Amino acid sequence: MLQVPFIRENKALVIERLSKRNINAIAMIDDVIALDEKRRSIQTELDNTLAESNSISKEIGGLFKSGKVEEANVLKAKTGALKEASKTLTEQLNQAADSLQELLFQIPNIPHESVPNGNTEDDNEEVFRCGDIPKLHKDALPHWELAKKYDIIDFDLGNKITGAGFPVYKGKGAKLQRALITYFLDKNTEAGYTEYQLPLLVNEASGIGTGQLPDKEGQMYHVTEDNLYLIPTAEVPGTNIFRNTVLNEADLPIGITGYTPCFRREAGSYGAHVRGLNRLHQFDKVEIIRVEHPTKSYSALDGMVNHVKGILEALKLPYRILRLCGGDTSFASALTYDFEVFSTAQDRWLEVSSVSNFETFQANRLKLRFKNADGKNELAHTLNGSALALPRILAGILENYQTEDGIEIPEVLREYTGFHKI
RNA sequence: GGAGAAAUGGCAGAGUGGUCGAAUGCGGCAGUCUUGAAAACUGUUGAGGGUCACACCUCCGGGGGUUCGAAUCCCUCUUUCUCCGCCA
């Protein structure tokens, strides 16, 4: 959520930056400023009314103490109108504050100046590419065929137990999955991230804190009985660790990592591009999350990008990095880099990581602050990224490492899997 | 799931209707003293809104109510603790 004082003082900038998302925000921003002014003027009026009745109440208290009951009763009679006025004003204030809040919830983060204009993934900017795309033998298969051939992932079984998008991993497939998770967590903790095991269900306040709620309920599974949501990413419980928190400046930066299953409804997705592991309702992911000083968040973002690069290079997977355009950058993010691994058998790039700086957008919702050098509470910056998402990495490994007589296991994973080949 | 108790500032812990935003202790910060440190002493020390700055307003787990006036009384929700039941 953007900060109202910032909007007030940087109106032109906000409008211009939001246009990177193809949003014409002029009317919205004007409304924010008008509603905020309205809210403040009602607040002032209410404050004055309350101040008056407070002082009368004190006077009454004093009169009762000194036994002047008659005089007290005279004053009591005067409070009726004030009470009525403050009641009305409170209602008006709440109404104005609610409208303002509702409007602010609809405004996405303003993109970083480096974010390219654009609406679709075609406008994303490739900023880096690494690794050779392997030449596969003539009978090379896409991963869903390989999964069947080597009996390591059973999509039909998942279909039977739950439904589409809930695959069952088995044998060496399950072991490889577990190896990847452990490998990622080890790499992340080596890089200084503290490992956490987090809840997979979150409450409404947490969903609001990171920006999934309100309005984007559609992407999450909702347990209505208890009003809890299945997490779409560890970002939600992981970042909400710091909701309503005032940190010391010396506590920064904070880096945490966690493995969680992720659940996404992905309503409306269908077709060939969601085949196999390409898009699932339940998948595994290892996430890294950072809380940073505002002056250091962009160098931290670069650090996270380099960290993810390192993992992909260790796995020897061909990948590229995209700077997402305004239209493709998620609601809460100011700048996002996507990592894509080349799926050789499908002849397409698959997103395996998304690394973002949210600046103060989440912190403002979360009330995540630190005490700065002046002793003032200041909003921190939050960042997160996948390091890494499992299914498409698995797809990439299966496809890129396939040979005529089996699938090789990347060198760095062998100590985790205990086998060299599937 | 049943019965009972509790929720106050960074922490501990007073406060049961009227200058209580809240005693006191610890912790933090600043100062005095000291070559320096410790100890001791003095001062200071929550958050949000509002203002050029004051004033002023709100917040004692959340929400609602009673009252001229609520940390204090009532209702409700949540959480924690104790006992019982159940259980990886």
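Just so we're clear, the structure is a prediction, and the values are computed from it rather than from any experiment. Just so it is clear: chains get the letters A, B, ... in the order the sequence lines come, proteins before strands, and each one is counted from 1.
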Measure [atom1]/[X] against [atom2]/[N] and give the value in whole Å, please.
X	N	atom1	atom2	answer
A:K371	B:rG10	NZ	P	9 Å
A:N248	B:rU45	CG	P	19 Å
A:L247	B:rG10	CG	C1'	13 Å
A:N372	B:rC29	CG	C1'	15 Å
A:Q43	B:rU58	CD	P	10 Å
A:N94	B:rG63	CG	C1'	12 Å
A:E52	B:rC68	CD	P	17 Å
A:K376	B:rG48	NZ	C1'	12 Å

Nearest-angstrom distance, C1' atom, B:rA70 to B:rA22: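 My reading of the C1' atoms in B:rA70 and B:rA22 gives 13 Å.
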Say you pick atom C1' in B:rG28 and the same atom in B:rU82; how far apart are they, in whole Å?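 The answer is 35 Å between these two C1' atoms.
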Nearest of B:rG49, B:rG50, B:rU67 to any side-chain atom of A:K83?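 Closest nucleotide among those given: B:rU67.
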Can you tell me which nucleotide in B:rC57, B:rC68, B:rG49 comes closest to the side chain of A:L50?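 Ranking B:rC57, B:rC68, B:rG49 by closest atom to the A:L50 side chain puts B:rC57 first.
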Looking at [X], does any N or O in its side chain come under 4.0 Å of the phosphate oxygens OP1/OP2 on [N]?
X	N	answer
A:R39	B:rG49	no
A:R369	B:rG48	yes
A:K367	B:rG48	no

Which part of the nucleic acid, if any, lies within contact of A:S57, taking any heavy atom under 4.0 Å across all strands shown: a base, the sugar-phosphate backbone alone, or nothing?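 The answer is base, as A:S57 lies within the cut-off (heavy atoms under 4.0 Å) of a base atom.
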Students often get this wrong, so: under 4.0 angstrom with heavy atoms, is A:N377 touching a base, only sugar-phosphate, or nothing?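 Sugar-phosphate, no base atom in range.
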Hey, are the side chains of A:L280 and A:P167 touching, using non-hydrogen atoms and a 4.5 Å cut-off?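 Yes, close enough: below the 4.5 Å cut-off.
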Using side-chain heavy atoms (C-beta onward) and a distance below 4.5 Å, is A:L335 in contact with A:T329?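 No, every pair of side-chain atoms sits at 4.5 Å or beyond.
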Would you please indicate yes or no on a ring centroid separation below 6.0 angstrom for A:H293 and A:F370?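 Judged by ring-centre distance (under 6.0 Å), A:F370 and A:H293 do meet the cut-off.
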Quick test of your reading of the model: are A:D151 and A:K172 salt-bridged, counting only N-O distances below 4.0 Å?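 No, A:D151 and A:K172 are not salt-bridged.
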In terms of side-chain geometry, is the basic nitrogen of A:R414 or A:E408 positioned less than 4.0 Å from the acidic oxygen of its partner?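 Result for this pair is yes, salt bridge flagged.
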Does [N] pair with anything, Watson-Crick or G-U wobble, both distances under 3.5 Å, and if so, with which nucleotide?
N	result
B:rG36	none
B:rC29	B:rG43
B:rA5	B:rU80

Is the base of B:rG69 touched by the side chain of A:N54 through a donor-acceptor pair closer than 3.5 angstrom?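 No pair found.
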If you count every heavy atom of other residues, nucleotides or ligands that lies below 6.0 Å from A:K38 atom NZ, does the total exceed 12?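 12 or below, so no.
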